[in-house]
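Structure, as structure tokens:
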Protein chains: 2
Amino acid sequence: MPVNPKRRTTLRDVAEAAGVSPSTVSNAYNRPDQLSPGLRERVLEVARQLGYSPHPLARGLRRGQVGAVGVLYGDSLSYPFADPVAALFMQGLSSVIEAASLGLLLVPRRTVDDALVRTAAVDGFVVYSLFEHDALVERVLERGLPTVFVDHPGRAGFPAVRVDDLGGAQAAAAHLLGLGHTRLGVVALPLGGADAANLSCCNASRARLQGYEGALPGTGAWMQVLEVAENLPSEGARAARDLLSLKPRPSALLCMSDQLALGVLDAARQMGLRVPEDLSVVGFDDIPEARRTIPALTTVHQPLLEKGVWAGRLLLAQLRQEPLEPPPTLPTHLVLRESSGSFRG
Amino acid sequence: MPVNPKRRTTLRDVAEAAGVSPSTVSNAYNRPDQLSPGLRERVLEVARQLGYSPHPLARGLRRGQVGAVGVLYGDSLSYPFADPVAALFMQGLSSVIEAASLGLLLVPRRTVDDALVRTAAVDGFVVYSLFEHDALVERVLERGLPTVFVDHPGRAGFPAVRVDDLGGAQAAAAHLLGLGHTRLGVVALPLGGADAANLSCCNASRARLQGYEGALPGTGAWMQVLEVAENLPSEGARAARDLLSLKPRPSALLCMSDQLALGVLDAARQMGLRVPEDLSVVGFDDIPEARRTIPALTTVHQPLLEKGVWAGRLLLAQLRQEPLEPPPTLPTHLVLRESSGSFRG
DNA sequence: TTAGACTACTGAAACGATTTAGTAAATCGG
DNA sequence: CCGATTTACTAAATCGTTTCAGTAGTCTAA
């Protein structure tokens, strides 16, 4: 008894079994008004019995859409689940995408090659925090799909969601300078270097550095910048140990992310430095945990959920061919908590 | 000057422009050995100039694969970014999926209809923590794709990753009983009720309840169960307030998740109850934050990353048609910290 | 010299749906 | 009762690739 090697049940099979044309089966699914209710019910029943389900790729190919949007970001696949900043952004984005009944395809930058970007079955892309000169940006644009850039200058014709990183960073630095600090350390996220070849860096980092530096002129303070390799507390701790062994020691540390600042607080504790009495620490992002550290972290708030929501909105607008003004640069603001205090020489 | 309305550059266009057949262009991409290096280079150059990129759906349709796996779970799209347990699972899963250069498509259960499951362009599914009798399980199976079940009994022929929820819960309850507690409150995740209609419940909840109850016989202790609607600290706090206003008051609370336990700790603090002197609290999951609460949370550890890794492995094995034994039930164990203490009547 | 094996490329048939245009029958207004 | 519209359904083209089978032409071995 030669059993047919397993093959998909196809629309044609259903049509034959029901004694109708393929078009009718298709219509039963997609245009109920095109056939009599009785027949439709019968067709659907036959389909059910045969265990038929339409092939999503075939359908997508014909219709020109798949019902999913891709998120491209500059780290490992697991990053948005591990990093609180990315996670919040994704939550904002998700809420909009979900309301539109779309799926979300995660496309990490750190894949062997760019195959994933070229083959991702999506209707549009959100490019999150990729480095400005990343070649992958070109690959995305080649797809010719609706695209939104986040934390990236973007391209003419494509909306971008931007945050006032520069202003926030400047406020953070000005805050410390105002407290009398004159020796500042900066725990910096990857900056990409002059050659612009390091792709793990993102544009926000550069804007933040610029902001820090912008607060300096005329104050007579100095600033020592130390770059970390990854956005992790452990890296922040390591950088803090290095910066705090400088002579003279910085009396305040500006951290380009709260993740780094968490590590800095740990390191300070281990080194027996009291925060903020011996050392002031200022973070960036205002992740939920920043409020719960001891001491609670002074940091720069950026509207992460809102950022995601805007990215989603702008992408949907493109998908639906509706016009939608991209938002102005989203504001940041300094949140004063307990980890920063005035300098006591 | 009638501009052609924007149309995709297709493989055929490239073929014409390069003066070769479509097959050759395709081969230039997919089978370099099938044509001379010189021609290949020329074809690729033409393609580049025309801004051509192969249509992923057409390619996927023909080849029978898309290079992405779907994750189906029982909550909102943003859940895995917001819930620490799901996030850790996803990190484990991601690490494996990424190593295989695949994308990850998030498919939330809470979508208007089941369209997403039927249309998701993926090569396989991970079904995470869906309720046993959820109709969506059928929809997934109808797709006829490789599938792995997590926290779900699954189906014959499909591997499942299971965790010893029952044993862990029993250990938690036994721990409290051993400390002399005789009045226990349970802050329960949605259990689905007898009608099995509530889909926001998952099987792990039931196993945990069973575990708690299994420790009870012969101890003379009683147990009051209160179900929450969602796995959020705020819900845990609310449940705690209700349970702690019972007369006589429970001296210990078993929480079905650390998220709930976090809320319980908050509520206790607000009610002026000291933990563990006045109230013992035991969580479940052992999320990273459990170690940092004050007091640190006694909880049941489950291997979340490992769970994700197994799910990924089992799915990949199916995709590659390699045999792979599903793992035995993964172990849980009680982690004693500071939130549980002996009963002082 | 010639059968056989490569090499470099092409033609046409899939893959599995949707959709446009069209046909026959039923319904309608007057 | 007749032409016009509507209803219910179908044939065939199409979406953009990949791949099987095939065709010249070149190379090897005896």
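First the proteins, then the strands, lettered A, B, ... as listed; each starts at 1.
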Distance in angstrom units between Asp13(A) CG and dC15(C) P, rounded: 11 Å
Between P of dG16(C) and CZ of Arg12(A), the distance in whole Å: 10 Å
Asn30(A) side chain, from C-beta outward: closest of dT19(C), dT18(C), dC9(C): dT18(C)
d(CG, Asn27(B); C1', dG11(C)) in whole Å: 13 Å
Electrostatic pair Arg48(A)-Glu45(A), nearest N-O below 4.0 angstrom: yes
Those residues of residues 54-69 of chain B lying under 4.0 Å from DNA chain C by at least one heavy atom: Leu61(B), Arg62(B)
OP1 or OP2 of dT17(D) under 4.0 Å from side-chain N/O of Thr10(B): yes
Atom-pair distance (CD on Gln34(A); P on dC9(D)), nearest Å: 11 Å
Parallel, tilted or perpendicular: rings of Phe149(B) and Phe158(B) (30°, 60°): perpendicular
Distance-minimising heavy-atom pair for Asp123(A) and Gly67(A): OD2-N, 2.7 Å
Sugar-phosphate, base or nothing in reach of Tyr52(A), heavy atoms under 4.0 Å: sugar-phosphate
Ser36(A) side-chain N/O to dC9(D) phosphate OP1/OP2 under 4.0 Å: yes
Pairing of Glu138(A) and Arg155(A) as salt bridge, 4.0 angstrom limit: yes
Whole-Å gap separating C1' (dT19(D)) and CG (Leu35(B)): 15 Å
Earlier contact from the 5' end, DNA chain D, for Ser21(A) and Thr9(B): Ser21(A)
Sugar-phosphate only, base, or nothing, as touched by Ser26(A) at under 4.0 Å among non-hydrogen atoms: base
Residue Arg8(A), side-chain heavy atoms: nucleotide from dC9(D), dG16(C), dT10(D) that is nearest: dG16(C)
Protein-nucleotide distance (Leu39(B), atom CG; dT10(C), atom C1'), rounded to Å: 12 Å
Sugar-phosphate, base or nothing in reach of Thr24(A), heavy atoms under 4.0 Å: base
Side-chain (Glu132(A)) to main-chain (Pro153(A)) donor-acceptor, under 3.5 angstrom: no
Closest nucleotide among dA17(C), dC9(D), dT19(C) to the Leu11(A) side chain: dA17(C)
Residue-phosphate contact under 4.0 Å: Arg31(A) side-chain N/O, dT19(C) OP1/OP2: yes
Stepwise side chain to side chain contact (heavy atoms under 4.5 Å, CB included) check, Ser53(A) with Arg8(A): CA-CA 9 Å; Ser53(A) 88; Arg8(A) 268 192 76 83; 3.9 Å; yes
Distance-only polar pair, side chains of Ser21(B) and Thr24(B), donor-acceptor under 3.5 Å: yes
Sugar-phosphate only, base, or nothing, as touched by Ser23(B) at under 4.0 Å among non-hydrogen atoms: base
